[in-house]
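Here the structure is a predicted model, which means the values were calculated and not measured. Numbered from 1 within each chain, the chains take letters A, B, ... in sequence-line order.
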2 protein chains.
Amino acid sequence: MELSERKKQILRAVVENYIQTADPVGSKAIVASSGLKVSSATIRNEMAELENMGLLEQPHTSAGRIPSPKGYRLYVNELMEEHRLSMQEARKINDALNLKIREMDQVMTEAGKIISQLTKYPTFALTKGTKQAVITRYDLLMVEDNAFIAVLMTDTQAVKNKYFRLPSPVSQTQLQLLGTLLNTSFTGLTLAQLQPELARVSSHAAGEAYGPINLVVSFAMEVLEELESNVVHTAGIPTLLAHPEYQSLEKAEPLMNYLSEMGGETANLPVVQGENVRIVIGPENVADELKDSSVIMASYDIGGGMQGVIGVVGPTRMDYADLAARLSYFAEGLSRMFGKGEIPPPGGDGGDEEP
Amino acid sequence: MELSERKKQILRAVVENYIQTADPVGSKAIVASSGLKVSSATIRNEMAELENMGLLEQPHTSAGRIPSPKGYRLYVNELMEEHRLSMQEARKINDALNLKIREMDQVMTEAGKIISQLTKYPTFALTKGTKQAVITRYDLLMVEDNAFIAVLMTDTQAVKNKYFRLPSPVSQTQLQLLGTLLNTSFTGLTLAQLQPELARVSSHAAGEAYGPINLVVSFAMEVLEELESNVVHTAGIPTLLAHPEYQSLEKAEPLMNYLSEMGGETANLPVVQGENVRIVIGPENVADELKDSSVIMASYDIGGGMQGVIGVVGPTRMDYADLAARLSYFAEGLSRMFGKGEIPPPGGDGGDEEP
DNA sequence: TTTAGCACTCAATCTCCCTGAGTGCTAAAC
DNA sequence: GTTTAGCACTCAGGGAGATTGAGTGCTAAA
């Protein structure tokens, strides 16, 4: 099913026209915009054939044509030109990346907000562990004689802490002993391995030490659980309403609810690794709520076996080229940022390293 | 301007009818629902007077009456009955409070989500410091010879950490020295006081030590800044669309955008301390976007001079009694939770304290 | 002071009609 | 065989009445 050059030009013209105007594209408009030296009648004949092939469709008999999902797919795969970001776009994104960020979680949330502001579409962001995380180190800091702070480090470079208050006082030496025990017996273990190990050790351990151990190991398990669970952050959901395809509430509400409830849940999105940018068009989506919408997402490396995914959701009539370019640029920026292990210099405010 | 008993009954009937049906309330409906032994004509006369007083209004001549903001205000102040939560409502909230939570920030976010699910209204949540926080303690944990973790504690019991990588190796003793310096010179200072102190110390300190000090103190400043900034978390924004007053996009969109953009920004809401539940009706709101909506919020104590506020936003026709009851119950639960300093027992899974 | 009765008002809804953009088809031209 | 001009046809969108019905205000009697 190879398309003639002219059919390709017409398809491209329909897609690009429709992306801009959101109105069905008529034969005359094609003549005007495509630069083809034929009459509108010829275009009509060609469009009729494109419709038979399932690449275009008509909302009703006397309207122009709009691209079908299949048409979008062909456009994205073969016809779309690589988009370049303008300098100022790129600068905007660079500026956005130079924010004060500390925790992975915050990065996700912030990144989503920025992308949403930039694109005027709702975004979602999530992290995906490619392997199971383990705790590499425990530090216990005495606060008062019945309170301490546990600081945990994982092999993914995450550091988490928690404040513990105990029912009875503990001495500094007891705490040190506890720390040694934790570091020897409870490091390098996955979430699933921690529970049985806790049971094993508790049978040996002195009765007194067991309480605090249980507390800290439970905390360790929570931390690992959190790292492994793909919590989804969403942002900018109301931006949907600015787009004509979501002007009617019946269309907008289910999708908005879907996005809103997606937040916090484990991701159910078909995130494929390896690819940089991935475009899922209309009915290609698994979720019913997304059947009339498209999703564009980019993944980036966080290091330590973690991968981040950030994407935008919008009508099938999105500017795929533009969005794909922005997302992949942003994702590259994030990869770079995490790759360096440190945040790029904030620019101003004195040097960090020289006296 | 004292109202007759009958007028009060009529006003109450209008408000409560309208809260349920969202339709203007006619004189016959009042006769049916209020139990008053008079005819609809009498009610009409009374309602005309209530309208003159500014307590009721008519969307158009031939419609029933709806409460004016002033009418709602009177209802809330004088006529509203204290609402009791049903046992299962209370249990739901209690269950919701028994979640795994670690960081204040997470508590806010989670609490918002829960309330939104419970009430079907959008929620916002924020914390408010009643005084300026200070760092009480620094701990530096060596990771590798050119990397360490700084753990900071504040007087509000918050513990924050950050992983630092250095351009050149540091010895354990250097790190200890650094820790001592930090703990002696940079504790007990407010955000504003840290900057000049950093300048003062840096002139004395050995050149080598300055780099890491600068890093850690900058981090401390970020932490304090974050604690003092009232970041607002929002949840459940799309639930707005389920309510008849936001069926038209022109009404819904500005409010949704307002709420969405409020997230992350410093709060601009008139949060008054001391009161438990606060109700702001329609035009009483300062923000233009809220002039047609009402806000119900409850505050709770977090301890350490921090106060949390959680609220819902909805049409002026909200069930004030019901929502106020739920919010205040929830807020009490949170206060209790923070007051204990520990999370209530998760129920199951073995005891924490006994061997 | 209350009630019954009646004329009046007005949002909401429906129907009908018109308009215009755009199509498909046919027959002629290239 | 391909392209073009011409024409009849279709149909969403929008505006102009017409209809409905809930609810009111007012008046006169109880």
Side-chain angles (χ1 to χ4, degrees), chain A residues 3-11 13-14 17-18 20-68 71 244-245 247-251, chain B residues 3-7 9-11 13-15 17-18 20-68 71 244-245 247-251:
Chain A
L3 289 180
S4 73
E5 196 52 40
R6 194 167 68 186
K7 282 204 179 58
K8 283 186 188 171
Q9 277 186 55
I10 291 173
L11 178 58
V14 172
N17 247 287
Y18 187 58
Q20 282 201 346
T21 64
D23 282 324
V25 188
S27 47
K28 280 193 209 150
I30 303 264
V31 177
S33 74
S34 72
L36 284 171
K37 294 261 179 294
V38 292
S39 79
S40 63
T42 311
I43 303 284
R44 281 204 288 284
N45 289 334
E46 293 280 54
M47 289 209 291
E49 285 181 50
L50 283 169
E51 185 169 358
N52 280 336
M53 294 177 181
L55 296 172
L56 294 181
E57 36 190 54
Q58 263 182 311
H60 57 269
T61 353
S62 70
R65 302 300 208 293
I66 64 174
S68 71
E245 20 278 293
Q247 288 294 330
S248 91
L249 279 188
E250 300 90 67
K251 308 254 171 176
Chain B
L3 289 180
S4 73
E5 195 52 41
R6 194 167 67 184
K7 282 202 179 60
Q9 277 186 55
I10 292 173
L11 178 57
V14 172
V15 171
N17 246 289
Y18 186 59
Q20 282 201 347
T21 64
D23 282 324
V25 188
S27 48
K28 280 193 209 151
I30 302 264
V31 177
S33 73
S34 74
L36 284 172
K37 293 263 180 294
V38 292
S39 81
S40 62
T42 312
I43 303 285
R44 280 204 287 283
N45 290 333
E46 293 280 53
M47 288 208 291
E49 285 181 49
L50 285 168
E51 186 170 355
N52 280 336
M53 295 176 179
L55 297 172
L56 295 181
E57 36 190 54
Q58 262 182 312
H60 56 270
T61 353
S62 69
R65 301 301 208 292
I66 62 176
S68 72
E245 21 277 292
Q247 287 295 330
S248 92
L249 280 188
E250 300 91 68
K251 309 255 171 177

Smallest separation among heavy atoms of [X] and [Y], with atom names:
X     : Y     : answer
A/E57 : A/S68 : OE1-CB, 3.5 Å
B/N17 : B/S33 : ND2-OG, 2.9 Å
B/V31 : B/I43 : CG2-CG1, 3.8 Å
B/Y18 : B/P67 : CD2-CD, 3.6 Å
A/P59 : A/G64 : CD-O, 3.4 Å
A/V25 : A/V14 : CG2-O, 3.7 Å

Subject >> Under 4.0 angstrom between B/T42 side-chain N/O and C/dT2 OP1 or OP2 >> reply: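 No.
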
Original post:
Taking the nucleotide of DNA chain D with the closest heavy atom to each, which residue, B/A41 or B/S62, is nearer the 5' end?
Top reply: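 Result of the comparison: B/S62.
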
Original post:
Across the strands shown, which category fits B/T61 at heavy-atom distances under 4.0 angstrom: base, sugar-phosphate, nothing?
Top reply: sugar-phosphate

Original post:
When the nearest nucleotide of DNA chain C is assigned to A/A48 and to B/V38 on a heavy-atom basis, which residue is associated with the more 5' position?
Top reply: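 This one resolves to B/V38.
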
Subject >> Other residues, nucleotides, ligands: >12 heavy atoms within 6.0 Å of A/K8 NZ >> reply: yes

Original post:
Is B/Q247 atom CD crowded by more than 12 heavy atoms from other residues, nucleotides or ligands, each under 6.0 Å away?
Top reply: yes

Original post:
Going from CD1 on B/I30 to OG1 on B/T42, what distance comes out if it is rounded to the nearest 0.5 angstrom?
Top reply: 12.5 Å

Original post:
Quick one: CD1 on A/I10 to OG on A/S4, what's the gap to the nearest 0.5 Å?
Top reply: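 So the gap between those two atoms works out to 7.0 Å.
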
Subject >> chain B footprint on DNA chain D, 5' to 3' - any atom under 4.0 Å from a heavy atom >> reply: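 Under 4.0 Å from chain B, the extent on DNA chain D is D/dA22 to D/dG25.
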
**OP:** Quick one: list whatever passes side-chain contact (heavy atoms from CB on, under 4.5 Å) with A/A22, sequence neighbours left out.
**Re:**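 If we apply the side-chain contact (heavy atoms from CB on, under 4.5 Å) test to A/A22, skipping adjacent residues, the hits are A/P244, A/R317.
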
Subject >> Pair A/V38-A/R6, side chain to side chain contact (heavy atoms under 4.5 Å, CB included): steps then yes or no >> reply: CA-CA 10 Å; A/V38 292; A/R6 194 167 68 186; 3.7 Å; yes

Within the sub-3.5 Å range, which N or O atoms of nucleotides 14-16 of chain C have a protein N or O partner, and how far apart are they?
none

Let me check something: any side-chain donor-acceptor pairs from residues 47-55 of chain A under 3.5 Å, sequence neighbours excluded? List them with distances.
unit_1, atom_1, unit_2, atom_2, d
A/E49, OE1, A/K7, NZ, 3.1
A/E51, OE1, A/R65, NE, 2.8
A/E51, OE1, A/R65, NH2, 3.0

Original post:
Listed in order of residue number, which residues of residues 26-33 of chain B have a non-hydrogen atom at under 4.0 Å from DNA chain D?
Top reply: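 Contacting residues: B/G26, B/S27.
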
Original post:
Considering the terminal five base pairs at each end of the helix from C/dT1-D/dA30 to C/dC30-D/dG1, what angle separates the two local helix axes, rounded to 10°?
Top reply: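 Rounded value for the end-axis angle: 20°.
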
